[in-house]
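Hydrogens, waters and symmetry mates are skipped; everything else that's a heavy atom, side chains included, is used. A note on names: the letters A, B, ... follow the listed sequences, proteins ahead of strands, and every chain is numbered from 1.
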Protein chains: 2
Amino acid sequence: MRTHQAVSAWLEQELAAGRLAIGSRLPGERAMAEQLGISRASVREGTRVLEALGVVRAGVGSGPQAGTVITGNPALALDSALRLHVASAHLPVRDVVETRLLLETWAAAHASPDSPALARAALLLDEMDRHDDGPDGFLERDSLFHVALAEAAGNVLIGAMMGSLRGSIAAYTQRLTAGLPDWGATSDRLRREHRAILEAVLSGRGGTAAELVRSHIEGFYREAGVAQDASASPRQATLSPGMPEI
Amino acid sequence: MRTHQAVSAWLEQELAAGRLAIGSRLPGERAMAEQLGISRASVREGTRVLEALGVVRAGVGSGPQAGTVITGNPALALDSALRLHVASAHLPVRDVVETRLLLETWAAAHASPDSPALARAALLLDEMDRHDDGPDGFLERDSLFHVALAEAAGNVLIGAMMGSLRGSIAAYTQRLTAGLPDWGATSDRLRREHRAILEAVLSGRGGTAAELVRSHIEGFYREAGVAQDASASPRQATLSPGMPEI
DNA sequence: CTACGGTGTGTGGTCCTACCACACAAGCTA
DNA sequence: TAGCTTGTGTGGTAGGACCACACACCGTAG
């Protein structure tokens, strides 16, 4: 077993034993090095991994923001992992889109009408109406809107996945919108669809909401010229040399 | 931006530009340190992160297994991340089970009847019949069987998620089986259900397969005493002090 | 000429030490 | 009393040293 893994192994033990929980502060790097009988460099490698996985957050100085604190941010791990794997073309964009479709229709069908996340979603739609700052700003809010829907379904894991999935193909989506013939018309249509989806969720018509989401997403990709269904989108779109970096 | 992130940033650029791909070998740590203008310690921290995310694999010595090589193993990232987040109780077991149900029914519905993964699945079922090495061996093969189904659906991402989801709650499942009144009877039933699922997939009846998978999974949790549906399983089951470590 | 064995070289793995920037807290000073 | 200085502990980074490993090369013995 590699030395730096002693840190995550130790943390897992402490968590299981209930001696540590989210919000707890880990011992200082020097202290932990001595405690685990390894060098500080190894401790640091271990904490870097935990940080990348979204398990801890490290901060310098002193005070509440300082030290290494246990957080709970699964999205962080998914985020960076998906980005890199999509970039390496090991993860086809097609698979990501397909998965997104699956998770998102599920979320729409299971979203609780009285979830506070829906209020946030409504605010986002208002913002999208007020500000007309082009595709980029729109996509940003669009992404947040969809994530809010996922959260309304009350599943932390699916919410996190949703957000990361969006992030990992954000650049791809951006390129798609750039090729659109009439952004104004598309944006109008997307906004109308958003309203309809939200309304369906709020009135408890989950099945309808799921169907609306499906056609919303598939419609976008179809209009952007990625063939009829998601499963026909290019597998290697992100690997071609010269493409903007993901 | 933290220094060690220079490594993943650089890698992402190289991947996007097509100068690196899966299977490529990264420069040595010392060379990369000089090239990026950072210390070797920082390079190592960055590499550790990439390794944890399943993007690269590091090996000592020389030869084909040596050096830092770009791999493509999204499951690795999901695996460790989910384990720790479940351990920290930030990720309720309930959410994991729910997600598993979603992904798995989808996979069963979309599995291609002529996928080579199904042959592997069949072999696993044979093994489960031949060897009767108690719940542990059974669960191991059971897990592989379900992952094989996911792979037959042809979505790398969902396959990886499936596997990691199983892994993250493996210890939990193990405890459930331990509390079962009659393992022999349960195991017989599960095996019959497996056969039925595989048969449905092989004959192209995706909808049937999905329904069988759903009742297969829900039935198991019900029998194990976790209320009627997955969404009622305990949220904190893995955090209780004294429980076996996850 | 062939087969064996030592050695060279480059790899990641680990450790140690030193120094830096930061942020708060305590204490001193005007 | 208000403000500044200093102290202390934190993570962040750098550089150097040594180790174990695994292959490739080359000299030597047969």
Please report the distance, rounded to the nearest Å, between [atom1] in [X] and [atom2] in [N].
{"X": "A:E34", "N": "C:dC16", "atom1": "CD", "atom2": "P", "result": "11 Å"}
{"X": "B:R57", "N": "C:dT11", "atom1": "CZ", "atom2": "P", "result": "15 Å"}
{"X": "A:E29", "N": "D:dT13", "atom1": "CD", "atom2": "P", "result": "10 Å"}
{"X": "A:M32", "N": "D:dG9", "atom1": "CE", "atom2": "C1'", "result": "15 Å"}
{"X": "B:R44", "N": "C:dC15", "atom1": "CZ", "atom2": "C1'", "result": "11 Å"}
{"X": "B:H4", "N": "D:dG11", "atom1": "NE2", "atom2": "C1'", "result": "12 Å"}
{"X": "A:L26", "N": "D:dG9", "atom1": "CG", "atom2": "P", "result": "19 Å"}
{"X": "B:R2", "N": "D:dG11", "atom1": "CZ", "atom2": "P", "result": "11 Å"}

Should the pair B:R30-B:E34 be classified as a salt bridge under the 4.0 Å nitrogen-to-oxygen rule?
no
Pairs where residues 163-172 of chain A contributes a residue and the test salt bridge (Lys or Arg N to Asp or Glu O under 4.0 Å) is met, not counting sequence neighbours:
A:D142-A:R166
Run the ring pair (Phe, Tyr, Trp, His ring centres under 6.0 Å) test against B:H85 and tell me which residues pass, sequence neighbours left out.
none
Apply ring pair (Phe, Tyr, Trp, His ring centres under 6.0 Å) to A:F138 and list each qualifying residue two or more places apart in sequence or on a separate chain.
A:W183
Can you name the salt bridge (charged side-chain N to carboxylate O under 4.0 Å, His left out) partners of [X], sequence neighbours left out?
{"X": "A:R57", "answer": "none"}
{"X": "A:R25", "answer": "none"}
{"X": "B:D114", "answer": "none"}
{"X": "B:E127", "answer": "B:R141"}

Could you work out how much the helix from C:dC1-D:dG30 to C:dA30-D:dT1 bends, comparing the axis of its first five pairs with that of its last five, to 10°?
30°
Sugar-phosphate or base contact per nucleotide [nucleotides 14-26 of chain D; S, B, -; heavy atom under 4.0 Å]:
B--BB--BBB---
Restricting to pairs with a member in residues 58-73 of chain A, which pass side chain to side chain donor-acceptor pair (under 3.5 Å), not counting sequence neighbours?
none
Side chain to side chain donor-acceptor pair (under 3.5 Å) partners of residues 43-54 of chain A, not counting sequence neighbours, each pair once
A:E29-A:R44, A:R44-B:E45, A:E45-B:R44, A:E45-B:R48, A:R48-A:E51, A:R48-B:E45, A:E51-B:R2
Please classify the nucleic acid contact of B:T68 as base, sugar-phosphate, or nothing, using heavy-atom distances under 4.0 Å.
sugar-phosphate
Counting the atoms with a prime plus P, OP1 and OP2 as sugar-phosphate, which does A:R48 contact under 4.0 Å by heavy atoms, base, sugar-phosphate, or nothing?
sugar-phosphate
Using a 3.5 Å distance criterion without hydrogens, assess whether the side chain of B:S143 forms a donor-acceptor pair with backbone atoms of B:L139.
no
Mind running a 4.0 Å heavy-atom check of residues 70-77 of chain B against DNA chain D and sending the residues that fall below it, in number order?
none
